[in-house]
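Please see the structure below; I have some questions.
Because the structure is predicted, anything quoted here is derived from the model rather than measured.
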Amino acid sequence: MNASTNIAKRVNELIDKYSNSPNSVQYLLCDQYPPNKLAYKIINENMQEYNLSYGELKTQSTLIASGLKKRGIKKGDRIATLMGKSKEYIITLLAIWRIGAVHVPLFTAFSPPAITFRVNGSNSKIVFCDQKQQSKLKPSDDFVPQNKLDVITTASLEQAPNWADRWEDLLDTNAPVEEEVSLDPDAAIIHIFTSGTTGEPKGVSLPVKALACIEAYAEFAYDLRQTDIFWNAADPGWAYGLYCGILATLTTGTPAILFEGGFSAQATIEIIEKKKITNFAAAPTVYRSLRADGVKISAQHQLRCLSSAGEPLTPEINEWAKAFFGLSVHDHYGQTETSMVINNHHHPDLKTNLRDGSMGKVMPGWSATVLKNNEDIPEKPGVPGRVAFILDKSPFSWFTGYIGNPEKSAEKFSKDKKYYLTGDTGSVDKDGYFYFSTRDDDVIIMAGYRIGPFEVESALSTHNAVAECAVIATPDKVRGEVIEAFVVLMPETEKSDKLTQDLQRWVKTNFAAHAYPRNITYVEELPKTPSGKIQRFVLRERRKNEILREQNNG
């Protein structure tokens, strides 16, 4: 049996596993594994380690699930988590799924209004939190749940407020033997909101059958193995960290790292070295930060796979990574509505040579194309258009629309329902390699040219003075729009007119003479979503307001 046949067989096995009958999610994500098997190495800020086995995960989550049942929580109810990465967080997730309830992830950087939006939008019955987050859930003018909402905190008795219940008190040690809950393939297990990069967040329901795609991604893209120690550094408050960190490890049973501390370059390298990480995934921002910080790594590290997702991987990262790690970073592409779908795969049967700027090839179980900008027909190879997926040839597809938002849902599909429209612009070459260009609303049109900011950013990022950058369009009377770059400089680099001219020449030389930034603004940091994606629309709005003020003062 050849490699392609093996992969096709595996796709069908995964579809059968998750789609053909009611499923016990607790069995699929926990109870199928031996009790002594390691689920997570949980590392605190002091680098102390706690090993969470599947046996303990089963026992503790069963007790929490019984406590939730006694509170009247039932199948389909929404339960939110506003928790940092911890043992209690993982146990709470499994408890939610044990009773057939639906998890609503809340990122810990959210302010009370953002939390209110998601709690109300999902009609959550309970929100779990930890001591660091509980103050955000105190009733106030900023936090106003529309329905009764119970707050349960993992804080100690001394630190828990009187308006919240304690996580430990929910543990029901006298609970009866739990009955297994079965869910249909289309039943929701997660109610997640889009990042809001280009507008108001929208609710997405992730069903049981989507686990087939997530497990496939873990196998095909990460090449997760039982001998791996895996670490996805993304936060599980967002899709990539939750789908491809938590669910990827629980579907495959791969031992994984959960780091409770915040990001630091030194801590990241220390964990990679001391915990013998073999398989690492993170957003490009993490790799850029490691590069900018100047940290060192031992040549004896155990890494065999590096992956990246969340935003395009610019070329300079792999130039650095090959020298620093001795490995290339494999760029992966996906969305909240699809999970991961186009990848530079690590699996030996799918691995191909990396091509600069390419996010890889379509993952088995999906079929992608690039449509013309004005017609729902495929574009020629190499010509930019709209990245789309052919639904009747994509058995892993699961998204049917945004929760309670038919208007926005309709925008994600072609009129004949043949294509899922990603909202991203890109191209595909004759060999099937896809190249990301931009979100639809980020396209810069200058003197008749359509310019994707990613290409300009990619060129700028390869300059040794640039730590990271973002490119937007600024109004221009002659050209309609011109390119403006916002640049974060490397440490100890001074801004100057000479540097600005050098960067402009650099883009002309390394990308295109017509597409260099007419203006360069040096900033300390770039606006980003909590998941780390650069928010170009914030920069556009900021510049628009500045122009209006100048006009009014003039």
Give, for atom CD1 of I43 and atom CD1 of I257, the distance between the pair rounded to the nearest 0.5 Å. 4.0 Å
What is the distance from atom NE2 of H347 to atom OH of Y217, rounded to the nearest 0.5 Å?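 The distance works out to 14.5 Å.
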Report the residues that fulfil side chain to side chain donor-acceptor pair (under 3.5 Å) with T338, sequence neighbours left out, ordered by chain and then residue number.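 Partners of T338 by the side chain to side chain donor-acceptor pair (under 3.5 Å) criterion come out as none, since no residue qualifies.
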Going by the rule side-chain contact (heavy atoms from CB on, under 4.5 Å), which residues pair with P527 if we only count those two or more places apart in sequence or in a different chain? Q535, V538, L539, R542
With a 3.5 Å distance limit and no angle check, can you tell me whether R386 reaches the backbone of K372 through a side-chain donor-acceptor pair? yes
Please indicate whether K417 has more than 12 foreign heavy atoms, meaning atoms of other residues, nucleotides or ligands, lying under 6.0 Å from its NZ. yes
Where N44 and F259 come nearest, the two heavy atoms and their spacing: O-CE1, 3.5 Å
Side-chain contact test, heavy atoms from C-beta onward, threshold under 4.5 Å: evaluate it for L354 versus H330 and give yes or no.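 Yes - at least one pair of side-chain heavy atoms lies under 4.5 Å apart.
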For D228, which residues count as a side-chain contact (heavy atoms from CB on, under 4.5 Å) partner, sequence neighbours excluded? L224, R225, T254, T278, N279, R304
Main-chain N/O of M83 paired to T81 side chain as donor or acceptor, under 3.5 Å: no
Between E411 and K202, does at least one N-O distance fall below 4.0 Å, as a salt bridge requires? no
Does any non-hydrogen side-chain atom of S397 lie less than 4.5 Å from one of Y420? no
Only counting residues at least two apart or in another chain, list the ones meeting side chain to side chain donor-acceptor pair (under 3.5 Å) with Y419. none
Of all residues at least two apart in sequence or in a different chain, which pass the side chain to side chain donor-acceptor pair (under 3.5 Å) check with Y243? none
Any salt bridge linking K528 with E468? Criterion: basic side-chain nitrogen under 4.0 Å from a carboxylate oxygen.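 Counted as a salt bridge, because a side-chain N and a carboxylate O are separated by less than 4.0 Å.
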Distance-only, no hydrogens or angles: does the N120 side chain make a donor-acceptor pair with backbone N or O of Q146 under 3.5 Å? yes
For the residue pair Y222 and H332, categorise the inter-ring angle as parallel (less than 30°), tilted (30 to 60°) or perpendicular (more than 60°).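 Rings of Y222 and H332: tilted, as their planes differ by 30° to 60°.
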Got a donor-acceptor contact below 3.5 angstrom from the N318 side chain to the A321 backbone?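 No, because the side chain of N318 does not come within donor-acceptor range (under 3.5 Å) of the backbone of A321.
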Contact check, side chains of R118 and F110, non-hydrogen atoms, under 4.5 Å: yes
For the residue pair F324 and W320, categorise the inter-ring angle as parallel (less than 30°), tilted (30 to 60°) or perpendicular (more than 60°).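 Rings of F324 and W320: parallel, under 30°.
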Spatial distance of atom CE (M359) from atom OG (S308) [nearest 0.5 Å]: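 One gets 13.0 Å once the value is rounded to the nearest 0.5 Å.
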Under the side-chain contact (heavy atoms from CB on, under 4.5 Å) test, residues paired with T493 that sit two or more places apart: A465, L489, M490, L499
Identify, with sequence neighbours excluded, every residue that meets salt bridge (Lys or Arg N to Asp or Glu O under 4.0 Å) alongside K351.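 Partners of K351 under the salt bridge (Lys or Arg N to Asp or Glu O under 4.0 Å) test: none.
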Is it the case that the side chain of N510 and the backbone of A459 share a donor-acceptor pair, with hydrogens and angles ignored and the cut-off at 3.5 Å? no
Hey, is NZ on K408 packed in by over 12 heavy atoms from elsewhere, all under 6.0 Å?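 It does not: K408 NZ has 12 such atoms or fewer within range.
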Tell me which one of V119, V127, L106, T116 satisfies side-chain contact (heavy atoms from CB on, under 4.5 Å) with L137.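 Answer to the side-chain contact (heavy atoms from CB on, under 4.5 Å) test with L137 among V119, V127, L106, T116: V127.
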If we only count heavy atoms from C-beta on, is the F413 to L391 side-chain gap below 4.5 Å? yes
Say whether, by atom type as modelled, one donor and one acceptor occur between the side chain of D142 and the main chain of P113 under 3.5 angstrom.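 Looks like no, no N/O pair under 3.5 Å.
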Please, which pairs that meet salt bridge (charged side-chain N to carboxylate O under 4.0 Å, His left out) have at least one residue in residues 482-496, sequence neighbours excluded? E484-R543
According to the salt bridge (charged side-chain N to carboxylate O under 4.0 Å, His left out) rule, which pairs have a member within residues 308-331, sequence neighbours left out?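 Salt bridge (charged side-chain N to carboxylate O under 4.0 Å, His left out) check on residues 308-331 returns R288-E311.
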So with a 6.0 Å cut-off around CG of D141, is the heavy-atom count from everything else above 12?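 Counting other residues, nucleotides and ligands, CG of D141 stays at 12 neighbours or fewer.
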Hey, what do you get for CD (Q134) to NZ (K138), rounding to the nearest 0.5 Å? 10.5 Å
Rounding to 0.5 Å, atoms OG (S458) and CG (D356) come to a distance of 9.5 Å
Taking all atoms of both residues into account, what is the closest heavy-atom pair of L242 and P236, and its distance? CB-O, 3.4 Å
For E270, enumerate each residue passing the side-chain contact (heavy atoms from CB on, under 4.5 Å) test, keeping only those at least two apart in sequence or located in another chain.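 E270 satisfies side-chain contact (heavy atoms from CB on, under 4.5 Å) with M47, K274 once adjacent residues are dropped.
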W506-Y516 aromatic ring centre distance below 6.0 Å: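 No: the rings miss the under 6.0 Å criterion.
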Non-hydrogen atoms of V466 and R291 that approach each other most closely: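 Nearest pair, atom of V466 first, then R291: O-NH1, 3.5 Å.
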Once you round to the nearest 0.5 Å, how far does CG of L82 lie from CD1 of I115?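 So the gap between those two atoms works out to 4.5 Å.
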Partners of Y89 by side chain to side chain donor-acceptor pair (under 3.5 Å), sequence neighbours excluded?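 Partners of Y89 under the side chain to side chain donor-acceptor pair (under 3.5 Å) test: none.
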Is it true that a side-chain atom of T425 and a backbone atom of S437 form a donor plus acceptor pair closer than 3.5 Å? no
N/O donor-acceptor pairs under 3.5 Å from side chains in residues 360-371, not counting sequence neighbours:
from, atom 1, to, atom 2, distance (Å)
K361, NZ, D431, O, 3.2

Which atoms form the tightest heavy-atom contact between N344 and S358, and what is the distance? ND2-O, 3.1 Å
Do D502 side-chain atoms and K498 backbone N/O form a donor-acceptor pair below 3.5 Å? no
Using ring centroids (six-membered ring only for Trp), state whether F434 and Y333 fall under 6.0 Å. no
Run the ring-centre check on W398 versus F389 and record whether the distance is less than 6.0 Å. no
Would you say E407 and Y402 are linked by a side-chain donor-acceptor pair, where the criterion is simply a distance under 3.5 Å?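 Short answer, no.
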How far apart are the C-alpha atoms of N343 and F220, what are their side-chain angles, what is the distance that settles it, and do they pass the side chain to side chain contact (heavy atoms under 4.5 Å, CB included) test? CA-CA 9 Å; N343 314 301; F220 299 158; 6.0 Å; no
Angle class for the H301/F325 ring planes (parallel below 30°, perpendicular above 60°, tilted otherwise)? perpendicular
Can you find a heavy atom in the side chain of P381 that is under 4.5 Å from one in the side chain of D429? no
Exercise: identify the closest heavy-atom pair between G245 and N232: N-ND2, 3.6 Å
Kindly indicate whether the side chain of Q302, heavy atoms from C-beta on, has any atom under 4.5 Å from the side chain of I229.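 Of all side-chain heavy-atom pairs linking I229 with Q302, none is under 4.5 Å.
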Please indicate whether N545 has more than 12 foreign heavy atoms, meaning atoms of other residues, nucleotides or ligands, lying under 6.0 Å from its CG. yes
So which heavy atom on D416 is nearest to which on S414, and how close? OD1-OG, 2.6 Å
Between Y433 and T352, is any side-chain donor less than 3.5 angstrom from a side-chain acceptor?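 Yes, because at least one side-chain N or O of Y433 sits under 3.5 Å from a partner of the opposite role on T352.
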Is there a side-chain contact between Q504 and T500 (heavy atoms, below 4.5 Å)? yes
If we only count heavy atoms from C-beta on, is the F486 to I472 side-chain gap below 4.5 Å?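 They are in contact (side-chain heavy atoms under 4.5 Å apart), so the answer is yes.
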